[in-house]
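Data block below; observations after.
Here the structure is a predicted model, which is why all the values come from computation and not from measurement.
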Amino acid sequence: MAAVTAASRGLRDLLTWRLTAPMLQGLNLSFRPIGSSAQDEACRAALGEAPGHSYEALRVTPVQKHILHVQLNRPDKRNAMNKIFWSEMVECFHKIAKDTDCRAVVISGAGRMFTSGIDLVDMASDLLQPQGDDVARISWQLRDLITRCQETFSAIEKCPKPVIAAVHGGCIGGGVDLITACDIRYCAQDAFFQVKEVDVGLAADVGTLQRLPKIIGNQSLVNELAFTARKMMADEALGSGLVSRVFPDKEVMLDAAFTLAAEIASKSPVAVQSTKVNLLYSRDHSVDESLNYVASWNMSMLQTEDIVKSVQATMEKKDMKSVTFSKL
């Protein structure tokens with residue numbers, strides 16, 4: 001047994017040394033197109049809903065191996081967020097978090113825009129006529145409603161699978177809350193973003209005011225957007241850091257988002273999901289706290305066989321997509 005252990009350690013040492021060798025300088029990490037946009041769209045449509053994901057306000061489909069596409073699916077209502085949406089998103093992402101086959105997610109909107117935000121007509125009774133016998137009880141009910149709505153987007157952030165938002169057209173009100181809970185944001189040239197809540201007489205309360213300042217890093221700009229409800233167009237969103245890339249149209253953007261998802265899905269799920277967990281932790285903690293956390297995290301995660309598989313593939317100059325990683 002001691003000999004086997006020593007041999008295993010020796011292999012790991014060799015692979016680690018080879019991983020840092022100059023040969024890695026030639027690795028090509030550029031995105032590869034998945035294929036023809038029209039062909040891809042037809043293929044995705046033919047796949048149908050992902051097993052276990054049947055919703056009214058959402059449509060979840062498998063794009064290809066390990067990738068799910070979550071669409072806001074009320075195109076006739078500009079993907080407005082009605083009552084059922086808030087609970088379905090939580091259910092959807094709780095399932096995705098436990099889906100051992102899924103390694104990356106793309107969120108987009110069906111129809112002409114990403115989303116027009118909260119469906120005020122459908123939500124009016126809950127917001128304007130909350131139940132309760134007095135101020136305390138009415139307030140208690142409203143607080144419960146707000147916290148449940150907050151969990152709708154926190155479920156995206158807490159999901160260990162990387163989530164890519166692909167925005168076209170308007171991303172208004174609750175749409176900004178949604179995308180700021182995602183890990184990566186792409187948009188089409190026709191996209192615009194609006195922190196719309198002040199125009200309907202309230203402060204945004206389900207994530208924008210908490211996450212947007214940390215994403216943009218410009219408090220003056222955040223304040224301007226939140227106080228005025230003005231539109232931020234695609235180029236400004238790119239310049240401010242809200243999105244990382246802008247594409248000519250929705251079709252090109254989705255192809256790029258799925259290509260990115262495929263690139264992420266080809267990596268070790270232990271490595272990718274550990275990275276997301278630690279990035280989120282470090283966002284909200286000091287450097288020392290975050291270093292201590294990742295040390296505790298990796299004292300177990302470094303023992304994964306994914307390291308051996310990944311390094312072996314690198315040494316042999318294999319495409320990561322050819323490596324079979326165990327489910328997680």
The complete set of salt bridge (charged side-chain N to carboxylate O under 4.0 Å, His left out) pairs with one or both residues in residues 158-167, sequence neighbours excluded, reads Glu151-Lys158

Pairwise salt bridge (charged side-chain N to carboxylate O under 4.0 Å, His left out) hits with a residue in residues 137-149, at least two apart: Asp134-Arg137, Asp144-Arg148

Salt bridge (charged side-chain N to carboxylate O under 4.0 Å, His left out) partners for Lys95, two or more places apart: Glu91

Other ILVMFWY residues reachable from Leu209 by side-chain steps of under 4.5 Å: none

Minimum heavy-atom distance Leu254-Ala166, with the two atoms named: CD2-CB, 4.0 Å

Contact summary for Pro62 and Leu68, nearest pair of heavy atoms: CA-CD2, 3.9 Å

How would you list, by chain and number, every residue that makes a ring-ring contact (aromatic ring centres under 6.0 Å, His included) with His94, sequence neighbours excluded? none

Would you kindly say whether Gln189 and Asp235 are connected by a side-chain donor-acceptor distance under 3.5 Å? yes

If only side-chain N and O atoms count, and only distance matters, is there a donor-acceptor pair under 3.5 Å linking Arg211 with Ser154? yes

Give me the ring orientation class for Tyr281 and His285: parallel if the planes are under 30° apart, tilted from 30 to 60°, perpendicular past 60°. parallel

Test side chain to side chain donor-acceptor pair (under 3.5 Å) applied to Asp306 and Ser274, Ser326, Ser268, the passing residue: Ser268

Candidate pair Glu289 and Ser286, rule side chain to side chain donor-acceptor pair (under 3.5 Å), full reasoning: CA-CA 5 Å; Glu289 289 171 324; Ser286 70; 3.2 Å; yes

Would you call Trp86 and Ile118 a side-chain contact if the rule is heavy atoms closer than 4.5 Å? yes

Between Lys231 and Glu236, is there a salt bridge with N-O shorter than 4.0 Å? no

Examine His168 together with Phe247 and report whether their ring centres are nearer than 6.0 Å. no

Residues pairing under side chain to side chain donor-acceptor pair (under 3.5 Å) where one sits in residues 114-123, two or more places apart or in two chains, turn out to be Arg74-Asp119

